[in-house]
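Each remark here refers to the structure printed beneath this line.
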There are 2 protein chains.
Amino acid sequence: MMISTKGRYALRFLVDVAEHQAESFVPLRDVAERQGISEKYLEIIVKELVKGGELEAMRGKGGGYRLNRPPEEYSVRSVLERMEGPLAPVACLGPGQKPCPRQADCRTLTLWQGLDRVISDYLAEFTLADLCGERPESAVTR
Amino acid sequence: MMISTKGRYALRFLVDVAEHQAESFVPLRDVAERQGISEKYLEIIVKELVKGGELEAMRGKGGGYRLNRPPEEYSVRSVLERMEGPLAPVACLGPGQKPCPRQADCRTLTLWQGLDRVISDYLAEFTLADLCGERPESAVTR
DNA sequence: CTATAAACCTACTTTGTCAATAGGAATAAT
DNA sequence: ATTATTCCTATTGACAAAGTAGGTTTATAG
């Protein structure tokens, strides 16, 4: 399984906020309830989103979260990368990786590079705005 | 990291056998040495390939392994699936998964289905024959 | 028929990550 | 002052990944 709950929950959190932030801040508790995710666990995830500058937080009564930018400016790929770390399908492609000593003779490097590319490109195509209101029935083949 | 050593080593093992099986069986020890992989660990991996009908094994002196079919008939996807299990990027897409209760309202299902598709399609394009002799320098953009 | 080289088999270990849980401290509105 | 919220630190249990250890069986060569 390539995408963990961290990435998946983060995406669901952001979409939920996008859909409910009309006027006011959206409290974590509400999102957790709507999405059926543990509050405490969501906190950990949301903390990273705040630190990463994806979310604005407001403390105290009446507080909560809202997006820092319009939903079209959140690519799914960037959100997932923030939560999961590099999405490279194999370790040797990770950023800041010292090149593997067998690289010059590797039969599979090209394969993995291509895989990395198709994944990356696919995920970069989508933004939060694409996900908002999305439902399986209304699925459009892209 | 989506592809573990099991899948990666299996692929490298099969390619190595494909490249060396001209006449005789290829002993595991030789592959392990050439590929710089622990013999004992490779054993575990190879056992699954034999059980899965990908490899023919011959015991005793002069024994070793050879492919059961021509290299063009081994898709990378099928090899990886045998070793890694389902390649689905999220659990809810795995085969024989009971549908998630939130499915009807899920904003991300379509996203994951599409991701699963591009990964699957990409990996199905390649066979062992494509990997044999492959080297990064000779990389061809597909 | 014995030595050797190979596959085969069962079990164990170590390490790390995932997915939470627990319990509170700081802050803002009413 | 009360309440509703975010923020912070620490801990836990389960599981899998990656590898190790030590032996048994089978075929070939001399």
Side-chain angles (χ1 to χ4, degrees), chain A residues 1-13 17 20-21 23-33 35-68 80 83-86 89-92 94, chain B residues 1-10 12-13 17 20-21 23-33 35-52 54-68 80 83-86 89-92 94:
Chain A
M1 221 50 48
M2 151 190 205
I3 310 289
S4 73
T5 52
K6 265 191 169 173
R8 289 187 287 118
Y9 290 177
L11 230 33
R12 284 166 61 190
F13 185 91
V17 169
H20 291 91
Q21 67 176 357
E23 289 290 280
S24 52
F25 288 93
V26 182
L28 185 144
R29 169 189 290 273
D30 292 6
V31 181
E33 180 130 358
Q35 299 293 326
I37 301 172
S38 140
E39 270 181 63
K40 279 300 191 182
Y41 188 44
L42 249 193
E43 272 188 11
I44 297 172
I45 289 159
V46 166
K47 181 169 61 177
E48 293 191 51
L49 292 171
V50 172
K51 238 181 14 190
E54 319 278 12
L55 277 177
E56 185 185 355
M58 178 67 174
R59 296 172 130 202
K61 197 167 182 176
Y65 299 92
R66 73 179 163 202
L67 301 186
N68 258 332
L80 290 179
M83 299 310 298
E84 307 275 346
V90 297
C92 60
Chain B
M1 222 52 46
M2 151 189 206
I3 310 289
S4 73
T5 52
K6 265 191 167 172
R8 290 186 288 119
Y9 289 178
R12 283 166 62 190
F13 185 91
V17 169
H20 291 91
Q21 67 177 355
E23 288 291 278
S24 52
F25 288 92
V26 182
L28 185 145
R29 170 188 290 274
D30 292 6
V31 181
E33 181 130 358
Q35 298 293 326
I37 300 173
S38 139
E39 267 179 66
K40 279 299 191 181
Y41 189 43
L42 249 193
E43 271 188 14
I44 296 171
I45 289 159
V46 165
K47 181 169 59 175
E48 291 191 53
L49 292 172
V50 172
K51 238 181 12 189
E54 318 278 13
L55 277 177
E56 185 185 354
M58 179 68 173
R59 295 173 129 201
K61 197 166 184 176
Y65 299 92
R66 74 179 162 201
L67 301 185
N68 257 333
L80 290 179
M83 299 310 299
E84 306 276 346
V90 297
C92 61

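Here is the naming used below: chain letters follow the sequence lines, and residue numbers restart at 1 for every chain.
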Report task. Mind checking B:F25 for me? I need base, sugar-phosphate or nothing, with any heavy atom below 4.0 Å counting as a touch. Result ->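 Touches nothing.
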Query raised in the report: What nucleic acid atoms does B:L28 come within less than 4.0 Å of, heavy atoms only: base, sugar-phosphate, or nothing?
Result: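 It contacts sugar-phosphate atoms only.
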Query raised in the report: Roughly how far apart are B:L49 CG and B:L55 CG, rounded to 0.5 Å?
Result: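 Between B:L49 CG and B:L55 CG, I get 5.0 Å after rounding to 0.5 Å.
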Indicate whether OP1 or OP2 belonging to [N] is found under 4.0 Å from a side-chain N or O atom of [X].
X     : N      : result
A:T5  : C:dC18 : no
B:Y65 : C:dC8  : yes
A:S38 : C:dA19 : no

Query - Polar pair under 3.5 Å, donor/acceptor by atom type, side chain B:K6, base D:dG19 - result: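 In this structure, the two groups form no donor-acceptor pair.
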Requested in this report: Using a 4.5 Å cut-off on heavy atoms from C-beta on, say whether the side chain of A:D30 contacts that of A:H20.
Outcome: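 Answer no - side chains too far apart.
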Query raised in the report: What is the distance from CE of B:M58 to P of D:dT25, rounded to the nearest Å?
Result: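 The answer, rounded to whole Å, is 19 Å.
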Query raised in the report: More 5' along DNA chain C: B:G62 or B:K47, using each one's nearest nucleotide?
Result: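 Here B:G62 is the residue nearer the 5' end.
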Report task. Return the 5'-most residue of the pair B:D30, A:K40 with respect to DNA chain C, ranking by each residue's nearest nucleotide. Result ->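 Closer to the 5' end of DNA chain C: B:D30.
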Query raised in the report: Is the CD atom of B:E39 crowded by more than 12 outside heavy atoms at less than 6.0 Å?
Result: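 Yes, CD of B:E39 has more than 12 neighbouring heavy atoms, counting only those of other groups under 6.0 Å.
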Requested in this report: Answer yes or no: are there more than 12 heavy-atom neighbours, outside A:E33 itself, under 6.0 Å from its atom CD?
Outcome: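 Not buried by this count: 12 neighbours or fewer within 6.0 Å.
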Report task. Tell me which of A:A57 and A:K61 sits closer to the 5' end of DNA chain D, going by the nucleotide each one is nearest to. Result ->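 Going by which nucleotide is closer to the 5' end, it is A:K61.
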